[in-house]
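Scroll down for the structure; my scribbles are underneath it.
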Amino acid sequence: AFVAHVRYAEQKRDMPETLVVKPSTVPTALGELAMTQYLEREGLAPFSVDGLVVDGAPEGAAAQDRSRVALLLSRYQPEVVGFDSLAWHDVALYATEAATALAALHRVAVAHGDGYLRNVVRVSGQPARMIDFEHVVSFSDVVDQADGGDEVAQRHIADMMSRDLC
């Protein structure tokens, strides 16, 4: 991904907005877009995807021309601070918030799949949130079985959640 700092003439804040452009494959981008929209509705995403640009040849093109690239365009609030940019002693202070951000996803039956500090951000006045949803997997289809005592479903959920503890 690359980041562009955008300043609009009519913007009233002193800070420019941060626009993140993330290249990806088309299927991965569509999955990340859908999961980001879902998590945004749940109040768990600190940003929204403002656009999806697909470039490349259509499906009927010759094999060598089928490379298609999708660009997800996300706009972050200026107050967003990534955990990977904090000093180590500050990260230690906010470790509980990072764990809480993962737990919030788990409560809505979602495993992040890439639970590194680079994927945790803080927005001033709000709890920490996870970002980068390209590896997210829902386990909502087995929650009822797990709640009913199905050990296979319970192990499946435990496996998915344990991948978040990198």
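In this text the structure is predicted, and so the values were computed from the model without any measurement. The first residue in the sequence is number 1, and the count goes up from there.
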* Sequence-distant partners of R155, side chain to side chain donor-acceptor pair (under 3.5 Å), two or more places apart -> none
* Where the side chain of S162 meets the backbone of D159, is there a donor-acceptor pair that is under 3.5 Å apart? -> yes
* What residues form a side chain to side chain donor-acceptor pair (under 3.5 Å) with H106, not counting sequence neighbours? -> D164
* Quick one: which of E97, R129, M130 gives a side chain to side chain contact (heavy atoms under 4.5 Å, CB included) with V120? -> M130
* Connected via hydrophobic side-chain network under 4.5 Å: L33 and I131 -> yes
* Asked: Just how far is it from atom CG of L105 to atom CE of M161, taken to the nearest 0.5 Å?
  -> 10.0 Å
* Asked: Is the side chain of T28 donor-acceptor paired with the backbone N or O of S24 at a distance under 3.5 Å, no angle test?
  -> no
* Asked: For the hydrophobic clusters of this structure (ILVMFWY residues joined by side-chain heavy atoms under 4.5 Å, transitively), does one cluster hold both V143 and M160?
  -> yes
* Structure fact -> Sorted by chain and residue number, the side chain to side chain donor-acceptor pair (under 3.5 Å) partners of T100 (sequence neighbours excluded) come out as none
* Evaluate side chain to side chain contact (heavy atoms under 4.5 Å, CB included) for V142 paired with I157, printing each intermediate quantity in order. => CA-CA 8 Å; V142 295; I157 291 172; 3.7 Å; yes
* Asked: Residues two or more places apart in sequence or in another chain: which of them pass side-chain contact (heavy atoms from CB on, under 4.5 Å) with A104?
  -> L44, R107
* **Within residues 34-48 or reaching into it, pairs that qualify as salt bridge (Lys or Arg N to Asp or Glu O under 4.0 Å) - sequence neighbours excluded** => none
* Which residue pairs satisfy the side-chain hydrogen bond (donor to acceptor under 3.5 Å, both in side chains) criterion with at least one member in residues 141-151, sequence neighbours excluded? -> none
* To do: For A153 and A146, work out which heavy atoms get closest and say how close.
  => CB-N, 3.7 Å
* Can you find a pair of side-chain heavy atoms, one from L39 and one from F133, that are under 4.5 Å apart? -> yes
* Side-chain heavy atoms under 4.5 angstrom apart, residues restricted to Ile, Leu, Val, Met, Phe, Trp, Tyr: same cluster for Y38 and F139? -> no
* Structure fact -> With sequence neighbours left out, the residues meeting side chain to side chain donor-acceptor pair (under 3.5 Å) with S140 are S138
* Hey, are the side chains of D114 and D132 touching, using non-hydrogen atoms and a 4.5 Å cut-off? -> yes
* Calculate, to the nearest 0.5 Å, the distance between atoms NE2 and NE2 belonging to H112 and H135 respectively. => 8.5 Å
